[in-house]
J.: 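What follows is a structure written as structure tokens; I'll ask about it next.
Only a predicted model underlies this, so the values are computations on that prediction, with no experimental measurement involved. Chain naming here is simple, since letters A, B, ... match the order of the sequence lines and numbering starts at 1 in each.
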There are 2 protein chains.
Amino acid sequence: MPTAPAKPNRGDARVALVAAGRKLFAQQGYDATTTRQIAAEAAVSHALLRYHFSSKAGLRDAVDDDVLGSFTHAVASAREEGTDHGDLAEVGRATALLFGADQERRRYVRRVLVDGDDRAAALLARLVAGAERELERLLPQPSALPPEQRRWAAYQTLFLILGPLLLEPALHTVLGSDPFAPETLAERSHANQRLLQHGLFD
Amino acid sequence: MPTAPAKPNRGDARVALVAAGRKLFAQQGYDATTTRQIAAEAAVSHALLRYHFSSKAGLRDAVDDDVLGSFTHAVASAREEGTDHGDLAEVGRATALLFGADQERRRYVRRVLVDGDDRAAALLARLVAGAERELERLLPQPSALPPEQRRWAAYQTLFLILGPLLLEPALHTVLGSDPFAPETLAERSHANQRLLQHGLFD
DNA sequence: CGACGAACTGTCCAACTGGACAGGATTGTC
DNA sequence: GACAATCCTGTCCAGTTGGACAGTTCGTCG
């Protein structure tokens, strides 16, 4: 089903293939996506994939650069945009910017994290580092937390954010609605801030 | 690589196939596992799979029954074992019982949640219901939480628990050690209890 | 115009997949 | 020991996969 039917102009096939790959990898995962599906989605011969990227893995690398590159960019702009209130709401804003806007990127990130190899570890390392940096800035210095809890704080924060991302399809079914719908996302984000601030049992 | 080399006795092939399926599905996922791999792991002809389970999907159903059945059993015994202190530590104990002991079951559960279809939604629904029940018991009545936060409490609790499960391979790499090693699990569990109790910013 | 290189295509291929099936081995029963 | 049911195997099959490759189209530059 070539959902993007228009045949690309000569010379545009490369970007069309990257777009098709991003879409289908995000939807179905890398292994479950065939080169022929990608070619059909890009309205292009499947032999062209090999010409431009030399292999299926080559296309994946190109898509990774594309998605994770724009990801890096989004992180940077999110960091600058917030006028640095120094409060926890920034976490929510950053999350919304990273994961709220673009469903396709969200699903692609999910696939990278879940397909679970070196790419997943590399991405997770970046996310942990980012969360750690943010916490370092927001937590009182010196933190009142005992070290063996402080050590897990960034991971805990991240799990609250990534949980819905990783479980999106199942969560959608259980909730009966899109967990990333703007109002839902805002409510979740607020609940997360409150949990981090006071716990559930304050 | 038939890691379980011993040829099963006549009549034992069925259970051998279920065990092999559980192992390989947990390690590689359903789609990435071939019927021939399973047969080799069970030291049995691959045609036998069809005889006993009629199809690859049939074997998956049998493995699901096996794993998720023992899962249900584990939940029940965890519930009875705790002498009902009514405190948060029970969450940690239940988690440890569910996910700590058996690496293979842990990975299988991860696959079910992540491969993301109806089975994932059904399992998640059970987990949410369980977490909800637990919170209902542990939270002060009436809860001081505003309803729009109370609504997400079970999910938040679950994300803290499931995060490491879903990200296990990547997390292992980033941490440089097994996130489910007993001491690590205990520390994480303790950190989770403290987060739920007081937040990070108490 | 002509030719040259880059972009693109149709078609073939070996490997592998889940499944089909006919027949062989083993066990229990009379 | 014969027979039948169950368990099990070797082997074939059609479909799909990523990749290989020779050849065609197209823009561009002389």
J.: Does D/dT9 have OP1 or OP2 under 4.0 Å away from a side-chain N or O of B/K7?
T.: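 True: B/K7 side-chain N/O within range (under 4.0 Å) of D/dT9 OP1/OP2.
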
J.: Would you mind reading off the distance between A/F53 atom CZ and C/dA7 atom P, rounded to a whole angstrom?
T.: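 My rounded result for the distance is 12 Å.
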
J.: Select one nucleotide: of D/dT9, C/dC8, D/dC21, the one nearest the side-chain heavy atoms of A/A47.
T.: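 Given the options D/dT9, C/dC8, D/dC21, the side chain of A/A47 is closest to D/dC21.
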
J.: Could you tell me the separation between the CZ atom of A/R60 and the P atom of D/dG18, rounded to a whole number of Å?
T.: 12 Å

J.: What residue among B/R126, B/R151, B/R150 forms salt bridge (charged side-chain N to carboxylate O under 4.0 Å, His left out) with B/E132?
T.: B/R150

J.: Sort out for me which residue in B/K23, B/R22, B/R111 forms a salt bridge (charged side-chain N to carboxylate O under 4.0 Å, His left out) with B/E104.
T.: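 Filter result, single survivor: B/R22.
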
J.: Below 4.0 angstrom from OP1 or OP2 of D/dT17, is there any side-chain N or O of A/H46?
T.: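 No, no such contact exists.
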
J.: Without decimals, in angstroms, what is the distance between B/K56 NZ and C/dT17 P?
T.: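 To the nearest whole Å, that distance equals 9 Å.
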
J.: Using atom CG of A/L48 as one end and atom C1' of D/dT25 as the other, report the distance to the nearest whole Å.
T.: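 Going from CG in A/L48 over to C1' in D/dT25 covers 13 Å.
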
J.: Taking NE2 in A/H190 as the centre, count heavy atoms belonging to other residues, nucleotides or ligands within less than 6.0 Å. Is the count above 12?
T.: no

J.: Output the rounded distance in Å from CG (B/D31) to C1' (C/dG18).
T.: 12 Å

J.: Roughly, in whole Å, what's the span from CZ in B/R10 to P in D/dT6?
T.: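 After rounding, the reported distance stands at 12 Å.
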
J.: Give the rounded distance in Å between these two atoms: CG of A/L49 and C1' of D/dG19.
T.: 10 Å

J.: Using a distance-only criterion (donor-acceptor N/O pair, under 3.5 Å, no hydrogens), is the base of D/dG18 paired with the side chain of A/R36?
T.: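 Looking at the base of D/dG18, it does pair with a donor or acceptor on the side chain of A/R36 (distance under 3.5 Å).
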
J.: Under 4.0 angstrom, heavy atoms only, what part of the nucleic acid is B/S54 near: base, sugar-phosphate, or nothing?
T.: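 Nothing, no nucleic acid heavy atom in range.
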
J.: With a 4.0 Å limit, can you tell me whether A/Y51 has a side-chain N or O closer than that to the phosphate oxygens OP1/OP2 of C/dA7?
T.: yes

J.: Between B/R188 and A/Y155, is NZ or CZ placed under 6.0 angstrom from the six-membered ring centre and within 45° of the ring axis?
T.: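 B/R188 over A/Y155 ring: no.
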
J.: With a cut-off of less than 4.0 Å, is there a side-chain N or O of A/T35 near OP1 or OP2 of D/dG18?
T.: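 Answer yes for this pair, as a side-chain N or O of A/T35 is under 4.0 Å from OP1 or OP2.
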
J.: Do B/Q149 side-chain atoms and B/P146 backbone N/O form a donor-acceptor pair below 3.5 Å?
T.: no

J.: How many Å lie between CZ on B/R50 and P on D/dC13, as a whole number?
T.: 17 Å

